[in-house]
Amino acid sequence: MANPFSKGWNYLKASLDQKIDENADPKVQIHQATEAAKEQHQEITEHAAAIIGNKRQLEMKLDRLLKEQDSLQGQAKQAITMADQASAQGDSTRAAEYTNTAEVFASQLVAVEQQIEELKTSHQQASQAAEQAQQKQRESEARLKEQMAQIDQLRAQVDQAKMQEASNEAIGALSASADDSTPTLDGVREKIERRYANALGAQELAEGSVNSRMDEIAAAGRDMKASARLDQIRAELNAGNTAQDNAALEQGESEGREV
């Protein structure tokens with residue numbers, strides 16, 4: 001069973017709110033609607049800027065990781081070359097040290113490459129979110145311009161209503177309802193309330209989600225990938241050395257034929 005006191009209190013509040021709306025200055029309400037529309041657009045703009053900024057930040061991180069990848073790969077190649085040279089000279093100790101160093105670089109390279117793949121996925125999602133945010137911001141800007149035009153029209157109608165009221169008071173013919181061709185306070189209030197509802201219902205902005213980065217890489221998996229990466233780098237070096245040896249041999253044969 002409903003509480004009679006609560007029911008009566010709700011009725012009293014609704015009655016008071018209605019009286020306040022009836023007696024409110026239309027220009028004050030117009031100002032409130034204007035500020036609400038501007039604040040709504042500002043929130044959407046700031047939100048879009050944050051989403052686009054997140055995309056730019058991911059791009060900067062990705063650029064740093066790509067540079068780090070190149071550096072680690074070059075260092076790993078250099079360490080393998082020095083290990084091979086030491087082994088050729090019969091210095092097994094130095095060869096082992098350089099090989100261990102190459103393994104460290106390779107392990108770091110594997111970790112960086114995994115981070116790059118994760119960032120590429122995150123950047124793709126952030127790019128989609130940024131496009132949606134830009135579209136929402138453009139729609140909000142167009143909507144705000146339309147609202148400002150409607151607000152200017154409302155102000156003009158309020159002035160017309162006040163002039164009509166003053167004229168009615170002067171001739172002693174003010175009545176509760178005005179002629180249909182004359183803007184009334186109730187009509188102005190209805191338009192203002194509709195403006196409020198439109199402003200409050202306009203907020204919708206998709207947010208991109210960014211996948212969280214892996215915190216750990218299993219040591220066993222990393223070692224296997226690092227070993228595979230070292231084999232790949234060594235194969236590239238051997239292929240380069242073979243090509244150089246073949247080129248030198250061909251040059252020597254050419255010089256022998258000329259003699």
Exercise for the section: Would you sort out whether Glu118 and Gln114 count as a side-chain hydrogen bond (donor to acceptor under 3.5 Å, both in side chains), showing the intermediate values? Expected result: CA-CA 6 Å; Glu118 293 170 5; Gln114 289 180 346; over 6 Å; no

Handout entry: Heavy-atom donor-acceptor pair, Ser71 side chain to Lys67 backbone, under 3.5 Å
Key = no

Handout entry: Arg155 with Asp152: basic N within carboxylate O range, under 4.0 Å
Key = yes

Exercise for the section: Flag the pair Glu59 and Arg56 as a salt bridge only when some basic side-chain nitrogen lies within less than 4.0 angstrom of an acidic carboxylate oxygen. Expected result: yes

Problem - Full working for side-chain contact (heavy atoms from CB on, under 4.5 Å) between Lys38 and Gln42 - result: CA-CA 6 Å; Lys38 290 180 178 179; Gln42 182 64 25; over 6 Å; no

Handout entry: Glu131 and Gln135 side chains, donor-acceptor separation under 3.5 Å
Key = no

Exercise for the section: Examine the side chains of Gln132 and Gln128 and answer whether a donor and an acceptor come within less than 3.5 Å of each other. Expected result: no

Handout entry: Contact summary for Ala86 and Ala95, nearest pair of heavy atoms
Key = CB-N, 3.6 Å

Problem - Within-4.5 Å side-chain heavy-atom neighbours: Glu35 and His31 - result: yes

Completion exercise
Interatomic distance, CD@Glu141 vs OG1@Thr45, rounded to 0.5 Å, equals 7.5 Å

Completion exercise
When rounded to the nearest 0.5 Å, the distance separating CD of Glu68 from CD of Glu113 is 11.0 Å

Handout entry: Side-chain donor or acceptor of Ser87 paired with backbone N/O of Ala83 under 3.5 Å
Key = no

Problem - Stepwise side-chain contact (heavy atoms from CB on, under 4.5 Å) test for Leu109 and Phe105 - result: CA-CA 6 Å; Leu109 181 60; Phe105 287 140; over 6 Å; no

Completion exercise
Here the pair of heavy atoms bringing Ile151 nearest to Ala33 is CD1-C, 4.4 Å

Fill in the blank from the handout: Smallest heavy-atom separation, Ala76 atom then Ile233 atom, equals CB-CD1, 3.9 Å

Practice task
Output the distance between atom OG1 (Thr99) and atom CZ (Arg234), rounded to the nearest 0.5 Å.
Solution key: 6.5 Å

Problem - Gap between atom CG of Leu144 and atom CE of Met148 - 0.5 Å precision - result: 4.5 Å

Practice task
Identify the heavy atoms of Ile44 and Arg143 that sit nearest to each other, and give their distance.
Solution key: CD1-NH2, 4.0 Å

Problem - Ser140: which of Gln40, Lys145, His41, Glu43 passes side chain to side chain donor-acceptor pair (under 3.5 Å) - result: His41

